[in-house]
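Worksheet: the structure to be examined is printed underneath.
Reminder, nothing fancy here: chain letters follow the sequence lines and each chain counts from 1. Here the structure is a predicted model, which means the values were calculated and not measured.
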2 protein chains.
Amino acid sequence: MSVNILIVDDESDVREMVAFTLKRQGFRILAAEDSKSALEKLGEILPDLILLDWMLPDISGVDLARRLKGDERYEDIPIIMLTARSEEDDKIRGLDAGADDYITKPFSPRELGARINAVLRRSAPNLGKDIINVNGLALDQKGHRVRTHDAEINLGPTEFKLLQFLMAHPDRVFSRTQLLDRIWGSNVYIEERTVDVHIRRLRKALEPVEYDRMIQTVRGAGYRLSAEE
Amino acid sequence: MSVNILIVDDESDVREMVAFTLKRQGFRILAAEDSKSALEKLGEILPDLILLDWMLPDISGVDLARRLKGDERYEDIPIIMLTARSEEDDKIRGLDAGADDYITKPFSPRELGARINAVLRRSAPNLGKDIINVNGLALDQKGHRVRTHDAEINLGPTEFKLLQFLMAHPDRVFSRTQLLDRIWGSNVYIEERTVDVHIRRLRKALEPVEYDRMIQTVRGAGYRLSAEE
DNA sequence: ATATTTTGTCATAATTCTGTAACGCAGCTG
DNA sequence: CAGCTGCGTTACAGAATTATGACAAAATAT
């Protein structure tokens, strides 16, 4: 599965360098030059991770981070702060604002890649696995199969992709828009409520084995697959 | 029966040594001296495994690995990295890039063989065997015969290769494109729907012995041979 | 050279899947 | 409690995808 990363930095040099480096490592890159356009981008596409410059022309990176972490729709997206200075104090404030990690400029491509992978491993532990297992429900990505220990579950293409996505990111809430972007594709125009219907179909398929309770509705925010009961 | 291995290394000594060793162990060897020619080779033939040197003159082995693992066409080919140093850090980066295993130079022929077999066992458990047996259906790769315990099944050449491939990779879904690439050859232009027809012919041939149910359709994804019922 | 198989494509039938709309209930707000 | 918004459900017709049988060309065998 391709990993989307949003880089927010006002210096185009930095943006380009990072984009070049990360593209070569197989990531898909989105870029924004300030907080305002970052928020716009977030409205369209949901990235898997955000690289956020400490200093930005409009809203500071720290404030943006705090704001994102306070928004139910974005709170689960990991953030790595980019900072020019390496003061202890900054680090603390950054992590305080909700950043998951931080890295001081200048940094090497290798270090950046390593940090990103480390953070991703924490936030989407199932992304690369062949078989995702959440609480007894096993999804075989290569075999395109879903089963519990004693029953096989039949899903249509969309329901499979939906469950696959949710299981790859357990315990995270996704809005209908985000699900449409990530599962249907970003340039498709489809009614938001259609997601409800597919959620319904997925739940129905999981009902016989009582796993439908894992698919939870978060009113006003979207849906989530819960790892525990 | 014959397992193809691609060795990518810029030192001809290493290439020759590895080729010699592995040929004697019954593998068929392809060689490339840099990433560019490796990609060219991959355009012609899809090997069953790739041995990749860490350091290459053009694109580094790590980057090539990442690139291959990001390409749907090659992502399933297991990669073993060859590295001169044995630093822990390298190992991590290698596995991070998608390598399935790694081995440090210099290595013994025996160790190389063992690693290759271990990796192949995971990705294609039946590949090397003379007779593949899945759930009572036996396919003799050398004798080009297929039989159940009490009946022999007659297949045309294409159906045989199709069944052979599917039985070598049980419980995995393959898209029509993948099947065309790996059974018909990489640079043949054939209608995708043609695969359906051959699947149909294969099923028909397996019907009398009730083994047609093993060949399953996965809507929107491709076909799969299921090991269990 | 002739008979027999095998192959790739089509056209058509048979299935399965999808996105919407519509209706009703649940939860929150004031 | 009334009103509003969000969500769950169902039904359905149109789309997509797959199954199947027929056929002519190509390849093999006799």
Report summary line: Between A:A138 and A:I131, the two heavy atoms sitting closest are CB-CG2, 4.3 Å
Requested in this report: Send over the distance from A:H198 NE2 to D:dT9 P, rounded to a whole Å.
Outcome: 15 Å
Report task. Between B:E191 and B:G156, just flag the one whose closest nucleotide in DNA chain C comes earlier from the 5' side. Result -> B:G156
Query - Under the side chain to side chain contact (heavy atoms under 4.5 Å, CB included) test, residues paired with B:R115 that sit two or more places apart - result: B:I80, B:D101, B:I103, B:E111
Query - Those residues that, when tested against A:T177, pass side chain to side chain contact (heavy atoms under 4.5 Å, CB included) (two or more places apart) - result: A:S175, A:D181, A:E192
Query raised in the report: Near A:R176 CZ, under 6.0 Å, is it more than 12 heavy atoms from other residues, nucleotides or ligands?
Result: yes
Taking N or O atoms only and anything under 3.5 Å, show me the protein contacts with nucleotides 23-27 of chain D, one pair per line.
none

Query raised in the report: Base, sugar-phosphate, or nothing: which does A:E159 touch, judged by heavy atoms less than 4.0 Å apart?
Result: sugar-phosphate
Query - Chi angles and distances behind the salt bridge (charged side-chain N to carboxylate O under 4.0 Å, His left out) call for A:K142, B:D76 - result: CA-CA 10 Å; A:K142 295 190 174 183; B:D76 293 320; 3.7 Å; yes
Query raised in the report: Taking 4.0 angstrom as the limit, do A:R182 and A:D48 come out as a salt bridge?
Result: yes
Report task. Please list, in 5' to 3' order, the outermost nucleotides of DNA chain C lying under 4.0 Å from any heavy atom of chain A. Result -> C:dC17 to C:dG27
Say whether [X] and [Y], considering side chains only, have a donor N or O and an acceptor N or O under 3.5 Å apart.
| X | Y | result |
| --- | --- | --- |
| A:R172 | A:Q178 | no |
| A:D150 | A:T148 | yes |
| A:R203 | A:T217 | yes |

So which protein nitrogen or oxygen atoms get under 3.5 Å of nucleotides 18-21 of chain D's nitrogens or oxygens?
| from | atom 1 | to | atom 2 | distance (Å) |
| --- | --- | --- | --- | --- |
| D:dT18 | OP1 | B:R176 | NH2 | 3.0 |
| D:dT18 | OP1 | B:G220 | N | 2.8 |
| D:dT18 | OP2 | B:R176 | NH2 | 2.7 |
| D:dT18 | OP2 | B:R193 | NH2 | 3.1 |
| D:dT18 | O5' | B:R176 | NH2 | 3.3 |
| D:dA19 | OP1 | B:R203 | NH1 | 3.1 |
| D:dA19 | OP1 | B:T217 | OG1 | 2.4 |
| D:dA19 | OP2 | B:Y223 | OH | 2.6 |
| D:dG21 | OP2 | B:R200 | NH2 | 2.4 |

Query raised in the report: Under 3.5 Å, is there a donor-acceptor pair between the side chain of A:D53 and the main chain of A:L56?
Result: no
Query raised in the report: Donor-acceptor pair, B:D58 side chain versus B:K36 backbone, under 3.5 Å?
Result: yes
Query raised in the report: Is there side-chain contact between A:V3 and A:R28, with heavy atoms separated by less than 4.5 Å?
Result: no
Query raised in the report: Under 4.5 Å between any side-chain heavy atoms of B:K161 and B:F165, yes or no?
Result: no
Report task. For the helix from C:dA1-D:dT30 to C:dG30-D:dC1, measure the angle between the helix axis at one end and the axis at the other, each built from five pairs, rounding to 10°. Result -> 30°
